[in-house]
Engineer: 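This structure is in structure tokens; I'll ask about it shortly.
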Amino acid sequence: MDVPIGFFIRASAMPFPAPVPEQPPPAAQELPDVELDPEAAADAYDKALQLEWDWPERGPAVLPEIENLLKLAASAGHANAMAKLGLFEEGRTRASLACEDSFRASPAQITAAERWYWLSAHNGSGFGAMHMGRIAEEEHGNAAEALYWYEKGVKLGFGRAQERYDGLHMRLSHGLGALAGRKPMSNSHPAFLEWLREEFEGREAMAFAFLLGDLADACGGAYGEWGTLSDKEQVTLVMHFSGLLPTKFMLREAAFEYHEGIGDGNLRRAVERIAANPGLPAAEFAPVWWQRRLEGRVCREKVRCRVELTIDDYDQWYVLLAELYKGPPRSDDNPETRIDLKLIRLMMARQRSHAFPLDREKDLWEFTLLFTPGELELLHKIHKICIELPDKGDGFRQFWSGIDAALRAAEATSTPYSDD
């Protein structure tokens, strides 16, 4: 699928620039083939800084010597020396020393400099991370990428990156946009930028891949209804879905409810509605997820339960859970309960094929089930209600007693959610 740059839709309905790709490190031949120990590398770096201070006396002739000392230090892994080489490649060192206030680097200089800044940041330099953010903000207009690198610079101990982060965040919050004379950026909503940074390291391409995969799966997959949509229609739905700010941890659940809200057979009509009304809130299709997010009830862990049951009991449990929400919603229904039950069954259907045989003669199997704490609590409540129903026979109550006992006896561990 060809994904257009800036594919997401936010509350501001403004396009958002794609992140700068990670830069490969500079070519090995750019550094001298000399091995310095860390102490000698630090000495070379300090000498380069001293020569910068001597610029007023010695002038441009000292630049090659400064650059050579920085390369010696960088070849030994000195991260700040790598960032300084980025300033050389960008032309900022010469311009700064010569007091050239109107200096602007060429695209080729920026590309070469980015490689050094990237290498510096990945070797632990907050100085390099800040300059990665500066390039992302001022040269590419990519606010999310800039915030990501500025925050990384702060975490790596470079205080000036905090000023950059705070300034950019304030401008975005007030819709003030780019610094004067720099590349314009979108007025993306700060909440969206925060979500992109927290969930996907500020990388829109990564976010698109995750959202596309789970939304396509929830909407029938490549051979179901999703496969009937054109690339443009699919992108429109992913754009709209992103407005829910789904966490990577609960992405599948948010996608499932979003599709539930649209309804089977209605994807193309939903695309038409979104195109006719760009401000249509994604929360209309997933109100349960959105309310949980607003109230800070977004789950960050799941309980892995290894439940021992026969295949027949497992399948009967699955069918009876379906009966609990069969038919149209009633006025006394709890929307969260209906969605949670459907999600539980979706997980149960997926995990059935992964059951492990414990005793084939007794048809006893181990099922590994993944629940949020809220889902597990809901199941215990349902089991208690079913066990105590007065109008059901002994067989019905015994069945639910057995399911409840198996679930309570299950080996359970809290774990960060994964798809395995």
Engineer: Look only at the side chain of Glu225 and the backbone of Cys219, and say whether a donor-acceptor pair between them is shorter than 3.5 Å.
Structural biologist: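 It does not hold such a pair.
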
Engineer: Return the set of residues passing salt bridge (Lys or Arg N to Asp or Glu O under 4.0 Å) with Glu295 (not counting sequence neighbours), or none when no residue passes.
Structural biologist: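 Glu295: salt bridge (Lys or Arg N to Asp or Glu O under 4.0 Å) contacts with Arg297.
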
Engineer: Could you work out, with side-chain hydrogen bond (donor to acceptor under 3.5 Å, both in side chains) as the rule, every residue matching Asp37, not counting sequence neighbours?
Structural biologist: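 Partners of Asp37 by the side-chain hydrogen bond (donor to acceptor under 3.5 Å, both in side chains) criterion come out as none, since no residue qualifies.
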
Engineer: Using the ring pair (Phe, Tyr, Trp, His ring centres under 6.0 Å) rule, collect all pairs that involve residues 339-367, keeping only residues at least two apart or in two chains.
Structural biologist: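 Residue pairs passing ring pair (Phe, Tyr, Trp, His ring centres under 6.0 Å), neighbours aside: Tyr314-Phe367.
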
Engineer: List the residues meeting side-chain hydrogen bond (donor to acceptor under 3.5 Å, both in side chains) with Asp264, not counting sequence neighbours, and say none if there are none.
Structural biologist: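 By the side-chain hydrogen bond (donor to acceptor under 3.5 Å, both in side chains) rule, Asp264 matches His259.
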
Engineer: Under the rule for side-chain contact (heavy atoms from CB on, under 4.5 Å), what residues qualify as partners of Ala406, not counting sequence neighbours?
Structural biologist: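 side-chain contact (heavy atoms from CB on, under 4.5 Å) check on Ala406 returns Val307, Leu309.
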
Engineer: My understanding is that only residues two or more places apart in sequence, or in another chain, count here; which of them pass side-chain hydrogen bond (donor to acceptor under 3.5 Å, both in side chains) with Arg292?
Structural biologist: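 Checked Arg292 against side-chain hydrogen bond (donor to acceptor under 3.5 Å, both in side chains); matches are Glu336, Asp340.
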
Engineer: Scan for side chain to side chain donor-acceptor pair (under 3.5 Å) pairs involving residues 366-378, sequence neighbours excluded, and state none if there are none.
Structural biologist: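 The answer is Arg306-Thr368.
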
Engineer: Taking side-chain contact (heavy atoms from CB on, under 4.5 Å) as the definition, give me every residue that meets it alongside Arg94, ordered by chain and number, with sequence neighbours left out.
Structural biologist: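 Arg94 satisfies side-chain contact (heavy atoms from CB on, under 4.5 Å) with Pro60, Leu63 only.
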
Engineer: For Ser353, check side-chain contact (heavy atoms from CB on, under 4.5 Å) against everything at least two apart and list the hits.
Structural biologist: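 Result, side-chain contact (heavy atoms from CB on, under 4.5 Å) vs Ser353: none returned.
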
Engineer: Which residue pairs pass the salt bridge (charged side-chain N to carboxylate O under 4.0 Å, His left out) test with at least one member in residues 77-86, sequence neighbours excluded?
Structural biologist: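 Salt bridge (charged side-chain N to carboxylate O under 4.0 Å, His left out) check on residues 77-86 returns Glu52-Lys84.
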
Engineer: Got a sec, which residues hit side-chain contact (heavy atoms from CB on, under 4.5 Å) with Arg268, two or more places apart in sequence or on another chain?
Structural biologist: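 Only Thr228, Leu229, Glu233, Glu272 meet the side-chain contact (heavy atoms from CB on, under 4.5 Å) criterion with Arg268.
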
Engineer: Let me check something: any side-chain donor-acceptor pairs from residues 378-390 under 3.5 Å, sequence neighbours excluded? List them with distances.
Structural biologist:
| from | atom 1 | to | atom 2 | distance (Å) |
| --- | --- | --- | --- | --- |
| His383 | ND1 | Leu379 | O | 3.2 |
| His383 | ND1 | Asp404 | OD1 | 3.3 |
| His383 | NE2 | Trp317 | NE1 | 3.4 |
| Lys384 | NZ | Glu388 | OE2 | 3.1 |

